[in-house]
Amino acid sequence: MQAMSKSKRHIVLGITGGIAAYKTPDLVRKLIGSDFEVTVVLTEAAEKFVTATTLAAVSGRSVRNDLWDPDAEQHMGHIELARWADLLLIAPASAHTIGLMANGLCPNLLTTIYSATTVPAAIAPAMNQQMWFNSATQRNVEQLKTDGVLCWGPAEGDQACGEVGPGRMLEPEQIVSEVLKLCDESNEHKPLTGINVLISAGPTREAIDPVRFISNASSGRQGFALAQGAHSLGANVTLISGPVELETPEGVSRVNVITAEEMKRNVLIHAASNDVFFSVAAVADYRPASVAEQKIKKTQKFSSTLANLKLELIENDDILLCVSEAFPQLVKVGFAAETNDVLAHARAKRIRKNLDYIVVNDVSNPTIGFNGLDNECTLIHAEGEKKLNKASKEEIARQILLEIAPSIRQRTRK
Ligand code: CTP
């Protein structure tokens, strides 16, 4: 069974024939109260117990009950619903529907959606206790479990038919809690689900004249690997990138910039709507005080003395420091490339820039860092330090993200 992502909250609620169907308007209300969108699909038997009008009113969406509805099926309605769903929940699930599902039969819209969807499916069985104990029902339930369907309940107790035993549908709040648990389980696999991550990457370029600039050897790979890694762990990622030769990772929103000034402007605009800032960019510390409008010509050929070109440089703002000052609540992760006294410089930088974390690597080692495919670094925070052994930049990104994900969640309370 696939995991259900918390950011995806579409539930197709299939309601089948059984007295417990009278509880489903309440179930729909509770699911909506927990931030899910619910589309109800009724079987014919369900309509004997609850009306489509009530369910449309509480769900705020039209209720589907007919596989042969010409309007809906013109647009392949059953396939659309199978794709729209992030969870197919069948509550109450009758012995009849369980039997159909277990045997791959699709005589109605609900069972057709079940056979056409790849998302998690869960049943909350409800039936007379003898029907539950019936060996065919038990066989079918076992088959569904083998097929990866989750089975929530049934509960034991007094039954509408006057008997006592297992067969009661779980209460709506219990079903909602199972749905939420399912979301949490998948959050463990995607620990950054719902977190907004801002990343700066690559070098900046500071123009000297129309054809020359000051820059550095940053490839942008570590920042791009973090963007890709954060996205695959569930985050919404915005990447502010200097000029690099890299493809935008799938699902990542990218803003291209050239100069440190542009990078600063864009980072500050996006910082307001993000939870975390990974400042991976190798921002040029200085820029020429003025940019020549025309290409600067060399003069020495035409003069008897060597004419040295002197550039006046002025300091660029420290973008990370600006973010620290303007957005104290943001989780901030700096990256330091050092050539000597690596850890001491990085520790001081973390404190000076008021960072939660700093990732430092030794760029005097030519096999790692700036332009290489691999990296080896140390993650430093207030409580300790963790060495991340030499690995691909993608793997280093994954380790950094997994290491700090719990404190991001704690800080953001998401
Ligand atoms: N940084 C920044 N803006 C700058 C310079 C650096 O945002 N103008 C950020 C980098 O993205 C990185 C961190 O600050 O996350 C450390 O960058 P680094 O170049 O190692 O440090 P500097 O503060 O520039 O210090 P120095 O060059 O003296 O080592």
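In listed order, ligands and their atoms are each counted from 1.
- Ring-plane geometry between W84 and H10 is classed as parallel, the angle between the planes falling under 30 degrees on a 0 to 90 degree scale with a further cut at 60.
- A heavy-atom distance below 4.5 Å is found between the side chains of F327 and Q329.
- A heavy-atom distance below 4.5 Å is found between the side chains of L100 and P107.
- Taking both residues in full, the closest heavy atoms of K264 and C322 are given as CE-SG, 4.0 Å, listed atom of the first, atom of the second, then distance.
- For the pair E206 and N316, the minimum side-chain heavy-atom distance is below 4.5 Å.
- Protein residues having a heavy atom under 4.0 Å from any atom of ligand 1 are S279, A281, V283, D285, D317, D318, I319, L320, G334, F335, A336, A337, K349, K353, listed by chain and number.
- You'll find the side chain of V276 stays beyond 4.5 Å of the side chain of Y357, heavy atoms only.
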